[in-house]
Visitor: 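Got a structure here, written out as structure tokens. Questions coming.
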Amino acid sequence: MKRLSFHDFLGTLRSVVGRFPFPLLLSLVGTVLAIVLIHVDDPNPWSNMLMVLSLATPVSVVIVLFAEGMGWGNRRVWIFNAVLTLMMVGYFFILPESAELVVSVFLRHVMWTFAFVLGVTFIAFVRQYGEMAVGRFWEFCRRLVVATILTGIWAFALQMGLMAALSSTDFLFSLSIPDERYAELMALIAGVFCTTFFLSRVPRKPSELSADLAYPKEVRLFTTFVLVPLVSIYFIILYLYTGKILLTGEWPEGQLAYIILGFSVVGLLTYLALYPLRKEVAWVRAAGTALCVAIIPQALMLMWSLWFRVSEYGLTENRYLVYVYGVWLLGVSIYLLASRLKDIRVIPLSLFVLAILCSVGSWGAFSVSVHSQAGRLEDILERNDRFVDGKYVASDNEVSDEDLYEMSQVLNYLVEEREVYWVIEPWFEEELDFSDVNRWSQAEFVMEDGFGLEYRFYVPSRGEPDPRESFNFSLSDLNVAIPIDNHEFVFEYYNHLITPISVGEKTLRLAVNQAEERIDLTLDDDPLGYIPLKELIDRGMKSSQFRPMHLEDATVVVQTEKFNAKVVVKSLQGYKEDDRVLIDYIFTTIFLTLK
């Protein structure tokens, strides 16, 4: 057994730095940014920088492997790295503020990152063809999987060991090590160690790997005794359920699509794991063929089951991507059945192309989904005689509770979640003024001030009167500084917070009292008093027309013998049924002085 030495470690480190200098530099900068984010209150612009680096790192690895596959020298690699740097800068400047909170931007970023992670698997073999190339590709991917597993094991062991060492040192020597040290440790291990360890195990010259290596025993055992039985059981359950659907005529909802998606992923992994044995073992060839045949009707069932949801609720990004995956699954299965070579590189390559194509353009997931939901909203308005010649028109016709709820949900998607009000803006004759409207209240504002209809959080039971009135408001003055008024303490509270708050040397606990419509305060387990909410709840009742709350309307001032407080309620949501109040959510900033 070869002995490990510090000299060997340094040699390996020099080798990986010499081969992947730019990816390691990016991961190091990303680690520094992650540590900065631990200590700052405002994540901008650090979070956007981290997003850019998380995409650039796999791209830079792809560049190195592509250059090796093409036989290029380091000079061309650095030219590509320079171009990548310029593209990173451009990408950063086109990202919106807090890009991770913008659904379409974040999902597009994930799709691009996923695409280039897949690119790592096949990019070194772009100039090779035939069975030998496919064999090298399989061996390269096997080593990448092993490297990933080993990286995870080493990272977990290091994280647990070093955290235990820190905790022990803290306890034994009373050092009061702050919690941030543990988060910094996690960032260092994930950003520096994991990247370096994984890249050190990426095979050199992958295009020259031997494709005639013995099939690993552990892979054969895992595939034969774990993956194959799992796929078989999954296969039987799905086809039994398909038979039930055909017999009963009760078509499934969208969840079936995700079940089939899971089955197909496990099935394809099994096919890939067994691939080198298909020429030597007859049952492997038969199992591979049976798997591809079994996937075809399930892919059709996936798209059919999803059609029920799309026909009723329109397309969203998730449904769009599942549809695309169903088409891809059908195409890959037919290819693996019909092709003589069965080049499995088609699987990651086609996914790479689809991930890029579906993330951009008028045909992409975002554009198609937005226009699908806008069309759904238009259909609802048309059947209620409120949409003529591309314009919204007022009408005295009563709109059903179901339609009001559907319109509210579509507006949530378009106006608040995707921020694409411009899609429906041409429908209105007069421009809506959003200057005093909080982002998370804009859908309600459009519903009530634009369409003149009641915003609905839910659909009442059919045939029964609606027993509940909802209250909902958000603070509109988010960019206005709140006066402290000489209070001693300031902190934020929301109704799901159960952790006590330290005020000086005492412990303060807060709890929403639904029955009394107030927040009860306890100081060191002794009742301190309460903050009334009834007046705010009455202001937010849906019986009045929706308006965002200004600072003075969202503020409660309390003066008692034990404390003075000013409470600014930034968001309040709930229902009132008869005399009972149910507060779903409350988020506040509290200024407090103890007497």
Visitor: Measuring from atom OG of S264 to atom CG of L302, what distance do you get when rounded to the nearest 0.5 angstrom?
Guide: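 Reported to 0.5 Å precision, the distance equals 7.0 Å.
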Visitor: Would the distance check show the side chain of W112 and the main-chain N or O of A355 forming a donor-acceptor pair, the cut-off being under 3.5 Å?
Guide: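 Not a single qualifying donor-acceptor pair exists.
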Visitor: Honestly, is R376 close enough over Y313, meaning NZ or CZ under 6.0 Å from the six-membered ring centre and within 45° of the axis?
Guide: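 Output no; distance or angle outside limits.
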Visitor: Identify the two heavy atoms, one from S367 and one from G361, that lie closest to each other, and give their separation to 0.1 Å.
Guide: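 S367 and G361 have their closest heavy atoms at CB-O, 3.5 Å.
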Visitor: Report, as yes or no, whether the 6.0 Å neighbourhood of atom NZ on K244 holds more than 12 heavy atoms from other residues, nucleotides or ligands.
Guide: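 Open.
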Visitor: Would you confirm whether R309, through its side chain, and G314, through its main-chain N or O, come within 3.5 Å as a donor-acceptor pair?
Guide: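 No: the side chain of R309 does not pair with the backbone of G314.
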Visitor: Indicate yes or no: at least one non-hydrogen side-chain atom of V52 is less than 4.5 angstrom from one of V89.
Guide: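 Counting from C-beta outward, V52 and V89 never come under 4.5 Å.
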Visitor: Measure the shortest side-chain to side-chain distance between T289 and L336 over non-hydrogen atoms and say whether it is less than 4.5 angstrom.
Guide: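 A side-chain contact under 4.5 Å is absent here.
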Visitor: Answer with yes or no whether the side chains of N81 and S60 bring together a donor and an acceptor at under 3.5 Å.
Guide: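 Not at all, the side chains of S60 and N81 share no donor-acceptor pair under 3.5 Å.
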Visitor: Tell me whether S333 contacts the main-chain N or O of L329 through its side chain, where contact means a donor paired with an acceptor under 3.5 Å.
Guide: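 Confirmed, S333 side chain pairs with L329 backbone.
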Visitor: Is the distance from the ring center of W72 to that of F66 below 6.0 Å?
Guide: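 Yes - the distance between ring centres of W72 and F66 falls below the 6.0 Å cut-off.
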Visitor: Does V231 reach the side chain of F263, with side-chain heavy atoms less than 4.5 Å apart?
Guide: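 The answer is yes; the side chains approach within 4.5 Å.
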Visitor: Short question: side chain of R386, backbone of A394 - any donor-acceptor pair under 3.5 Å?
Guide: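 Not at all, since once roles are kept as given, no pair shorter than 3.5 Å links the two residues.
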Visitor: Assert yes or no for the condition that the ring centre distance of Y323 to W328 is strictly below 6.0 Å.
Guide: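 No, the ring of Y323 stays outside the 6.0 Å limit from the ring of W328, centre to centre.
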Visitor: Could you walk me through whether N397 and N384 pass side chain to side chain donor-acceptor pair (under 3.5 Å), step by step?
Guide: CA-CA 7 Å; N397 291 349; N384 287 279; over 6 Å; no
Visitor: Would L411 and I424 count as a side-chain contact (heavy atoms from CB on, under 4.5 Å) if you check the C-alpha gap in whole Å, the side-chain angles of each, and the deciding distance to 0.1 Å?
Guide: CA-CA 10 Å; L411 287 174; I424 61 173; 3.7 Å; yes
Visitor: Does the distance from a Lys or Arg side-chain N to an Asp or Glu carboxylate O, for K391 and D389, drop under 4.0 Å?
Guide: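 No salt bridge links K391 with D389.
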Visitor: Answer yes or no: is there a side-chain heavy-atom contact under 4.5 Å between Y421 and V446?
Guide: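 Heavy-atom side-chain distance check passes, below 4.5 Å.
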Visitor: Evaluate E448 against L453 for side-chain contact (heavy atoms from CB on, under 4.5 Å), listing each step before the verdict.
Guide: CA-CA 5 Å; E448 301 194 352; L453 298 170; over 6 Å; no
Visitor: Give the C-alpha distance, both sets of side-chain angles, the deciding distance and a yes or no for side chain to side chain donor-acceptor pair (under 3.5 Å) between N44 and S98.
Guide: CA-CA 6 Å; N44 296 318; S98 299; 3.1 Å; yes
Visitor: Salt bridge or not for R136 and E139, using N-O below 4.0 Å?
Guide: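 No salt bridge links R136 with E139.
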Visitor: How far does CG of N74 sit from CZ of R19, to the nearest 0.5 angstrom?
Guide: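 Result: 11.5 Å between the selected atoms.
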Visitor: Do F445 and Y455 have ring centres separated by under 6.0 Å?
Guide: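 Centroid separation for F445 and Y455: 6.0 Å or greater.
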Visitor: Decide yes or no for F92 and M51: does some side-chain heavy atom of the first lie under 4.5 Å from some side-chain heavy atom of the second?
Guide: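 No, too far: nothing below the 4.5 Å cut-off.
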Visitor: Specify the closest pair of heavy atoms between P23 and T57, including all atoms of both residues, with the distance to one decimal.
Guide: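 That closest heavy-atom pairing would be O-CG2, 4.2 Å.
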Visitor: Would you say that more than 12 heavy atoms from the other residues, nucleotides or ligands in this model lie under 6.0 Å from the CH2 of W46, or not?
Guide: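 No, CH2 of W46 has 12 or fewer neighbouring heavy atoms, counting only those of other groups under 6.0 Å.
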Visitor: Would you sort out whether V103 and F366 count as a side-chain contact (heavy atoms from CB on, under 4.5 Å), showing the intermediate values?
Guide: CA-CA 10 Å; V103 177; F366 313 105; over 6 Å; no
Visitor: As an exercise, state the distance from CG of D449 to CD of Q442, rounded to the nearest 0.5 Å.
Guide: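 It comes to 12.0 Å.
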Visitor: Can you name the one residue among E317, R418, R319 that meets side-chain contact (heavy atoms from CB on, under 4.5 Å) with S369?
Guide: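 Per the side-chain contact (heavy atoms from CB on, under 4.5 Å) rule, the option paired with S369 is E317, out of E317, R418, R319.
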Visitor: Parallel under 30°, tilted from 30 to 60°, perpendicular over 60°: which one fits the rings of F587 and Y585?
Guide: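 Parallel, since the angle between the ring planes stays under 30°.
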Visitor: Locate the shortest heavy-atom distance separating L26 from M88; write the atom from each residue and the value.
Guide: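 Taking every non-hydrogen atom into account, CD2-CE, 3.8 Å.
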Visitor: Any donor-acceptor pair under 3.5 Å linking the side chain of D343 with the backbone of V134?
Guide: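 Not confirmed, D343 side chain does not pair with V134 backbone.
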Visitor: Taking everything shown except F80 itself, do over 12 heavy atoms lie less than 6.0 Å from its CZ?
Guide: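 For F80, atom CZ is not crowded (no more than 12 foreign heavy atoms under 6.0 Å).
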Visitor: Does any part of the side chain of L209, heavy atoms only, come nearer than 4.5 Å to the side chain of R143, both counted from C-beta?
Guide: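 Counting from C-beta outward, R143 and L209 do come under 4.5 Å.
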Visitor: Take a 6.0 Å sphere around CD of E97 and say whether it holds more than 12 heavy atoms from other residues, nucleotides or ligands.
Guide: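 No, the 6.0 Å shell around CD holds no more than 12 heavy atoms from other groups.
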Visitor: Quick one: closest heavy-atom pair of F140 and T121, and the distance?
Guide: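 Shortest heavy-atom separation between F140 and T121 comes out as CD2-O, 3.6 Å.
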Visitor: Regarding S359 and H109, do their side chains bring together a donor and an acceptor under 3.5 Å, going by distance alone?
Guide: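 S359 vs H109: no donor-acceptor pair found between side chains.
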Visitor: Rounded at 0.5 Å granularity, tell me how far CD1 in I295 sits from CZ in F235.
Guide: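 Here the rounded value is 10.0 Å.
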Visitor: A side-chain contact here means heavy atoms from C-beta on lying under 4.5 Å apart; do T85 and F22 qualify?
Guide: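 Side chain of T85 against side chain of F22, heavy atoms only: contact under 4.5 Å found.
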Visitor: Test side-chain contact (heavy atoms from CB on, under 4.5 Å) on V423 and Q373 and set out the steps.
Guide: CA-CA 10 Å; V423 175; Q373 292 300 318; over 6 Å; no
Visitor: For the ring pair F352 and F114, is the centre-to-centre distance below 6.0 Å?
Guide: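 That pair fails the under 6.0 Å test.
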Visitor: For the ring pair Y392 and F451, is the centre-to-centre distance below 6.0 Å?
Guide: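 Yes.
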Visitor: If I compare all heavy atoms of V293 with all of Y239, which pair ends up nearest, and what's the gap?
Guide: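 Heavy atoms of V293 and Y239 come nearest at O-OH, 4.5 Å.
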Visitor: Sub-3.5 Å donor-acceptor pair from the side chain of Y275 to the main-chain atoms of T270, do we have one?
Guide: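 No; zero donor-acceptor contacts below 3.5 Å.
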Visitor: Around M87, counting heavy atoms of other residues, nucleotides and ligands shown, do more than 12 lie under 6.0 Å from its CE?
Guide: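 No, not enclosed.
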Visitor: Which atoms form the tightest heavy-atom contact between A56 and L84, and what is the distance?
Guide: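 In terms of heavy atoms, the two residues are closest at O-CD2, 3.8 Å.
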Visitor: Between the side chain of T195 and the main-chain N/O of S27, is any donor-acceptor distance below 3.5 Å?
Guide: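 Checked: no pair found.
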Visitor: Roughly how far, to the nearest 0.5 Å, is the CD atom of E454 from the CE atom of M407?
Guide: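 If I round to the nearest 0.5 Å, the distance is 12.0 Å.
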Visitor: Rounded to the nearest 0.5 Å, how far does CD of E68 lie from CD1 of I63?
Guide: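 These two atoms lie 12.5 Å from each other.
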Visitor: Does atom CZ of F106 have more than 12 heavy-atom neighbours from other groups under 6.0 Å away?
Guide: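 No, the 6.0 Å shell around CZ holds no more than 12 heavy atoms from other groups.
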Visitor: Is there a side-chain contact between C141 and F122, using heavy atoms and a 4.5 Å cut-off?
Guide: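 Not in contact.
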